[in-house]
Amino acid sequence: MTSQEQKVATLYEELKRSEVYANHIIESTPQGIIVADTNGQIVRVNKIVLLMFGYDEDEILGQSVELLMPEKFIPDHRINYVNYLNRKDSKPRIMGENHNLTARCKDGSEIAVEIGISPMRLDDKRYVVATIADITERSAIEQELQIAATAFDSHEAMLVTDSQGDILRVNDAFTKVTGYSREEVIGKNPNILQSGRHSADFYHDMWERINQDGCWQGEIWDRRKNGEVYPKWATITSVSDKNGQVSNYVSIFSDISSVKKAQDQILELAYYDPLTGLPNRRRLVEYLERAMVESKRSNMFGALMFIDLDNFKIINDTLGHEQGDVLLKEVANRLTTALREVDIVARLGGDEFVVILHELESDGNRAMQYARHIGENLIRILAKPHILEGRSYVCTGSLGITMYYGNEVSIDEIFRSSDVAMYEAKKRGRNSLRFFDPEMQASLEKRSQMESDLRIALKKKQFVLYFQKQVDNEGRIIGMEALVRWAHPERGMISPSEFIPVCEDSGLIVPVGHWILTESCRTLSQWQQHDSMKHLKLAVNISIKEFMQDDFVSQVNLLVDEYGVHSDRLELEITESMAHDDLDTLIEKMHQLKKTGISIAMDDFGTGYSSLSYLKKLPVDIIKIDRSFVDDLGVNANNESIVKTIAKVGESFGMDVLAEGVETEEQFRLLIEYGYKQFQGYYFGKPMTADKFEEEFQSIPRREK
């Protein structure tokens with residue numbers, strides 16, 4: 001072999017060794033390597049690339065590098081690749097520098113990669129060498145760290161401790177909630193925040209749960225740096241290392257002072273009377289349930305007192321609601337102060353109070369005597385004068401008492417019994433107390449039976465309308481008042497004074513009232529067919545519950561239209577007490593009725609004690625003086641003065657005035673003398689059926705009509 005041949009062989013061997021060396025470098029590098037020509041076609045890859053993207057070598061060689069790109073990046077790549085190849089410098093860069101990008105694998109999945117690009121010349125040809133590293137896992141870790149950092153700096157207070165419980169790190173929210181700076185707490189134990197409200201057992205149970213379950217959540221009372229104790233809602237979680245050993249504890253908490261305050265306010269609204277601060281009905285029931293259980297356990301009697309103020313309405317209407325509230329708060333204070341600490345005072349609403357007397361005596365008679373003693377003391381205390389607006393007012397109370405022993409009777413029954421006893425005390429003259437007894441129970445059952453019978457009466461049409469004459473000062477009939485009677489199949493005719501209160505209490509007054517109004521319109525339409533009767537007015541009593549129904553006005557108008565009634569012949573009577581309810585709504589409805597021609601009368605005028613303050617606001621056509629003032633005419637000078645005054649009031653307000661309950665000629669004569677022009681009462685005739693009235697009216701000489 002010549003020397004020249006020897007040199008060539010040596011060079012060949014060196015090149016061969018260089019290629020092997022280069023291949024070894026390319027294949028042993030931990031990064032993927034792709035070599036592409038100026039057209040972007042792949043001419044060389046290492047095994048790392050094949051493993052990274054899932055291709056075989058023959059599937060990737062000769063393909064465009066775009067094979068490894070998500071489609072959304074391809075357009076920009078084409079532009080940037082050309083610009084890169086045309087650059088004059090040869091610094092390693094990817095469109096400038098190394099970049100983190102997204103690449104596409106054979107199966108369509110995407111991975112995060114870091115790519116560096118460098119130019120290369122070989123045999124006067126230009127190539128691009130790309131180094132690729134899969135950073136998917138690293139990106140995920142970085143993202144998690146970023147999320148963790150963001151969460152740590154959230155509005156929730158956070159602290160991290162080591163396995164021994166010493167604080168390693170806190171966030172800004174922690175410093176805001178606790179008042180401590182980072183420097184003041186790092187290295188300290190979180191027990192520096194303890195308020196002292198919780199026992200050692202509390203913290204023992206808490207750590208037992210953390211060690212057992214890895215987490216605890218609950219409410220803790222802590223102390224701020226300034227000494228203020230506050231409630232927080234905390235979650236404490238243990239963090240374990242790869243060996244399963246606890247390495248850290250993380251506590252996340254928030255100040256729930258505002259939440260607790262709102263809860264307290266809600267509880268206050270739900271269970272306590274906002275005016276007096278006393279328990280309301282809901283809370284009272286809970287107390288009574290507990291008291292009955294305790295009574296059974298201790299074998300001792302207890303008592304429930306139902307208290308109703310006797311003349312609160314008069315004071316409230318006279319002085320106004322503000323002073324009425326002052327009086328109610330004073331009553332609440334007097335009751336609370338006079339009772340034992342174990343007893344409960346509650347306000348049901350209005351001027352109704354309830355007292356629970358706990359565990360009085362084991363002997364029933366002695367327990368009743370004890371309850372009577374307490375009740376009589378409360379009556380004396382309530383009867384003491386109240387100073388309102390500089391004047392002295394007396395507001396007595398009526399008490400109804402029911403004894404209970406264990407839970408032998410229901411709570412509802414105890415309430416009903418006490419209520420019945422209280423009303424019995426009012427019947428007996430007020431400012432007194434009454435115990436519930438079997439007679440009261442019988443009365444209660446009778447009332448319940450009546451309510452049931454009334455429902456049947458509605459279905460079977462057992463009600464009957466009677467009519468009572470209304471006359472002028474010459475005794476001529478000018479109208480009638482419709483009065484309902486109940487024709488009971490067994491008890492005969494029942495007076496409205498007996499069943500109307502039951503209708504009011506049970507809500508039956510609405511359907512009964514609608515029946516009365518319907519029958520009245522039907523009767524009035526019949527009278528309109530007779531020339532001699534078509535001038536007559538018909539007055540119909542309307543209860544407050546009926547009047548305040550949303551569709552009352554429309555119901556009246558429908559009946560008037562249905563029966564063809566001349567609306568100016570229909571008169572609706574309301575009681576003076578109705579004016580103390582929703583006055584604005586009452587006035588609005590009255591105006592709506594008057595627009596159709598219907599007249600409005602105020603019944604029982606003079607019994608509400610505040611009539612003038614309302615009368616000037618109400619669009620009333622007629623006021624009817626209550627029969628109680630007429631009864632003592634000629635005997636009681638005060639009544640005579642009231643009767644005269646009401647006549648003048650009606651005249652000054654431009655209203656007609658009708659006197660009810662006229663039973664004697666002397667009363668009739670005096671009322672005419674006082675200026676009255678309309679009258680009603682037994683002196684002119686008792687109530688009668690429509691047929692009887694029509695028959696009698698037709699027989700009256702025309703000159704008397």
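Residues: numbered from 1 along the sequence shown. Fair warning: this is a prediction, and the values are worked out from it, not measured in the lab.
- Panel note: side chain Asn311, backbone Ile314; no donor-acceptor pair is recorded below 3.5 Å.
- You'll find the side chain of Asn541 reaches within 4.5 Å of the side chain of Glu481, heavy atoms only.
- The shortest distance between side-chain heavy atoms of Asn316 and His321 falls below 4.5 Å.
- The aromatic rings of Phe679 and Phe668 sit perpendicular, their planes meeting at an angle over 60°, well past the 30° parallel limit.
- With a 6.0 Å radius and a threshold of 12 heavy atoms from other residues, nucleotides or ligands, Glu673 has its CD atom above the threshold.
- Atom CD in Gln667 sits 10.5 Å away from atom CZ in Arg627 (nearest 0.5 Å).
- Gln468 and Gln680 share a side-chain donor-acceptor pair at under 3.5 Å.
- A distance of 10.5 Å separates OG1 in Thr402 from CE in Met305, rounded to the nearest 0.5 Å.
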Considering only distance and modelled atom types, tabulate donor-acceptor pairs under 3.5 Å from the side chains of residues 488-504, sequence neighbours left out.
| residue | atom | partner | partner atom | Å |
| --- | --- | --- | --- | --- |
| His488 | ND1 | Glu490 | N | 3.0 |
| His488 | ND1 | Arg491 | N | 3.1 |
| Arg491 | NH2 | Glu498 | OE2 | 2.5 |
| Ser495 | OG | Ser497 | N | 3.2 |
| Ser495 | OG | Ser497 | OG | 3.0 |

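- A donor-acceptor pair under 3.5 Å is absent between the side-chain atoms of Glu573 and the main chain of Lys624, judged by distance alone.
- A donor-acceptor pair under 3.5 Å is absent between the side-chain atoms of Asp419 and the main chain of Phe306, judged by distance alone.
- Between Leu517 and Leu559, some side-chain heavy-atom pair lies under the 4.5 Å cut-off.
- Proximity of a side-chain donor or acceptor of Ser525 to a complementary backbone N or O of Arg522 within less than 3.5 Å is detected.
- Using a 4.5 Å heavy-atom cutoff, the side chains of Leu618 and Ile587 are in contact.
- A search for ring-ring contact (aromatic ring centres under 6.0 Å, His included) contacts involving Tyr676 returns nothing, not counting sequence neighbours.
- A donor-acceptor contact under 3.5 angstrom links the side chains of Asp626 and Ser628, judged on distance only.
- Stacking of Lys426 on the aromatic ring of Tyr423 is not recorded, the 6.0 Å distance cut-off and the 45° axial limit not both being met.
- The main-chain N or O of Leu508 is never found under 3.5 Å from a side-chain atom of Lys545 such that the two would form a donor-acceptor pair.
- Note: Leu465 CG to Glu519 CD = 6.0 Å, rounded to the nearest 0.5 Å.
- Separation of atoms CG (Leu335) and CZ (Phe353) is listed at 6.5 Å; rounding is to 0.5 Å.
- Without hydrogens or angle criteria, Arg334 side chain to Lys384 main chain gives a donor-acceptor distance under 3.5 Å.
- For the pair Asn280 (side chain) and Asp273 (backbone), a donor-acceptor distance under 3.5 Å is absent.
- Atom CG of Asp550 sits in a sparse spot, with 12 or fewer heavy atoms from other residues, nucleotides or ligands closer than 6.0 Å.
- Atoms CD and CD, on Gln470 and Glu571 in that order, are 6.0 Å from each other to the nearest 0.5 Å.
- To the nearest 0.5 Å, the span separating CD on Glu474 from CD1 on Ile672 amounts to 9.0 Å.
- At distances below 3.5 Å, at least one donor-acceptor pair connects side-chain atoms of Asp472 with backbone N or O atoms of Arg476.
- The pair Arg282-Glu286 fails the salt-bridge criterion, with no side-chain N (NZ, NE, NH1 or NH2) lying under 4.0 Å from an Asp/Glu carboxylate O.
- Judged by distance alone, the side chain of Arg430 and the main-chain N or O of Asp310 form a donor-acceptor pair under 3.5 Å.
- Side-chain contact between Met533 and Phe693 is present, with heavy atoms from C-beta onward closer than 4.5 Å.
- Of the possible polar contacts, one joining the Gln528 side chain to the His566 backbone as a donor-acceptor pair under 3.5 Å is found.
- Nearest heavy-atom pair across Leu483 and Pro687 is CD1-CG, 3.7 Å.
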